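In listed order, ligands and their atoms are each counted from 1. These numbers were taken from a predicted model, which means no experiment stands behind them. These values consider heavy atoms only, across backbone and side chains, with no hydrogens, waters or symmetry-generated copies.
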Amino acid sequence: MAVLITGTPGVGKTSVAQSLASTLGKKYVDVAKLAAENNLVKGFDPELQAYIVDTSSVRALLEEILTCNEVVDTHIVECVPKRKVTHVIVLRLNPLELKKRLEARGYPNRKIAANVEAEVLDSVLIDAVKWFGERKVFEVDTTGKSVGEIVNIVRLVLEGKGRNFKPGNVNWLENFYYLLGKT
Ligand SMILES: Nc1ncnc2c1ncn2[C@@H]1O[C@H](COP(=O)(O)OP(=O)(O)O)[C@@H](O)[C@H]1O
Ligand SMILES: [Mg+2]
């Protein structure tokens, strides 16, 4: 089975996906790298300082490449052919922590704000449920967990023990005092 590791930029997709792939003996597929290497970009968004990926071309390429034994890493779920993945894991991270990580990356303020807002509003989760259907989608709060701990949770989900990780188990808005740093 192929697994998609997704989530807002900075939540830890690449760290978790690479570790999961080596643990399970699967191939790691970095969609952003694949798009860049094959020049499947439509332009550059100056506001977000990011390349605009040609999602349908990337999807067509992944349709050819994926053999159902990969761990795929992208925040753009529409890039991934629906039938090729059995499990979609949306990594979640406390937005305050995410902000710190994106600052450490040196992202411009607008890009940090857009990504923190996307995390608060469940944007990637919603995209994932719309694209793949709720049955395949799980979300994991990674806040305060090591990469190894997160990988172990993903392995539980893959073994069919993902009941506690269905969409809706993470809700940053419910804890908005947390967002204001008043915990
Ligand atoms: N579980 C974790 N705990 C602490 N730091 C982490 C964890 N996972 C990733 N990081 C760090 O956060 C940053 C973003 O991680 P990365 O895997 O590149 O995220 P993404 O691929 O989603 O953008 C990196 O500096 C990485 O070392
Ligand atoms: Mg990454």
Side-chain angles (χ1 to χ4, degrees), residues 2-24 26-38 40-41 44-45 47-55 58-59 61-62 65-66 70-80 85 87-128 131-132 137-158 164-165 167 169-170 172 178:
V3 181
L4 170 61
I5 303 294
T6 188
T8 313
V11 292
K13 295 182 296 297
T14 301
S15 311
V16 169
Q18 287 180 340
S19 174
L20 182 71
S22 69
T23 305
L24 298 178
K26 290 178 182 283
K27 189 173 171 233
Y28 166 74
V29 177
D30 179 345
V31 174
K33 190 162 163 246
L34 196 74
E37 282 172 356
N38 292 277
L40 300 177
V41 291
F44 189 76
D45 181 334
E47 196 177 352
L48 288 181
Q49 292 287 304
Y51 286 99
I52 303 162
V53 168
D54 180 351
T55 50
V58 172
R59 190 163 67 240
L61 182 60
L62 284 173
I65 289 176
L66 296 181
E70 290 88 0
V71 177
V72 181
D73 169 0
T74 181
H75 66 286
I76 309 166
V77 296
E78 294 88 348
C79 283
V80 183
V85 296
H87 297 79
V88 176
I89 315 290
V90 185
L91 301 181
R92 306 302 306 270
L93 181 65
N94 180 290
L96 282 180
E97 191 59 39
L98 179 66
K99 182 167 172 277
K100 283 189 217 154
R101 285 207 199 156
L102 296 175
E103 283 166 354
R105 266 189 180 173
Y107 276 14
N109 282 341
R110 263 190 207 168
K111 189 165 176 170
I112 295 174
N115 283 313
V116 170
E117 182 180 298
E119 179 60 24
V120 171
L121 296 177
D122 304 331
S123 301
V124 176
L125 178 78
I126 291 166
D127 289 349
W131 185 249
F132 293 100
V137 179
F138 300 83
E139 60 172 341
V140 176
D141 180 2
T142 67
T143 314
K145 297 187 179 82
S146 68
V147 171
E149 286 172 319
I150 301 160
V151 166
N152 284 339
I153 292 175
V154 176
R155 291 177 70 187
L156 279 181
V157 172
L158 301 183
N164 295 334
F165 301 100
N169 87 82
V170 178
W172 302 131
Y178 211 35

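- The closest donor-acceptor contact from the side chain of Arg92 to the backbone of Glu139 lies at 3.5 Å or more, if one exists at all.
- Looking at Lys145 against ligand 1, only its backbone comes within 4.0 Å, counting heavy atoms.
- Panel note: side chain Lys111, backbone Gln49; a donor-acceptor pair is recorded below 3.5 Å.
- Using a distance-only test at 3.5 Å, with no hydrogens or angles considered, a donor-acceptor pair links the side chain of Lys145 to the main chain of Asp141.
- Proximity of Glu149 to ligand 1 is not established, as no heavy-atom distance is less than 4.0 Å.
- Checking side-chain atoms of Thr23 against main-chain N and O of Ser19 turns up a donor-acceptor pair under 3.5 Å.
- Asn94 places a side-chain N or O within donor-acceptor distance of the main-chain N or O of Leu96, the cut-off being under 3.5 Å.
- Formation of a donor-acceptor pair under 3.5 Å by the Arg59 side chain with backbone atoms of Val80 is not found in this model.
- Using modelled atom types, one side-chain atom of Asp30 and one backbone atom of Lys33 make a donor-acceptor pair closer than 3.5 Å.
- Residue contacts with ligand 1, taken as heavy atom pairs separated by less than 4.0 Å, involve Arg101 solely via side-chain atoms from C-beta onward.
- Checked by atom type and distance alone, the side chain of Lys13 never pairs as donor or acceptor with a backbone atom of Ile5 at under 3.5 Å.
- Taking 4.0 Å as the cut-off, Val147 counts as a neighbour of ligand 1 on heavy-atom distance.
- For Ser146, no nitrogen or oxygen atom sits less than 3.5 Å from a nitrogen or oxygen atom of ligand 1, counting backbone and side chain alike.
- Counting protein heavy atoms only, atom 18 (O) of ligand 1 is closest to Arg105 NH2, 2.8 Å.
- Atom 7 (C) of ligand 1 is flagged as protein-proximal [any protein heavy atom, distance under 4.0 Å].
- Listing protein N, O or S atoms at distances below 2.8 Å from the Mg ion (ligand 2), with waters left out, gives Thr14 OG1.
- Between the choices Gly10, Ser15, Gly7, the shortest heavy-atom distance to atom 26 (C) of ligand 1 belongs to Ser15.
- Within the 4.5 Å cutoff, the side chain of Val58 has no heavy atoms near those of the Thr74 side chain.
- Note: an N/O pair closer than 3.5 Å links Gly12 and ligand 1 by distance alone.
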Could you go through Tyr107 and Asn115, starting from their C-alpha distance and side-chain angles, then the distance that decides it, and tell me whether this counts as side-chain contact (heavy atoms from CB on, under 4.5 Å)?
CA-CA 10 Å; Tyr107 276 14; Asn115 283 313; 4.1 Å; yes
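- Interatomic distance, CD of Gln18 versus CG of Leu20, reported as 11.0 Å (0.5 Å rounding).
- Looking at Ile150 next to ligand 1, no N or O pair under 3.5 Å apart turns up.
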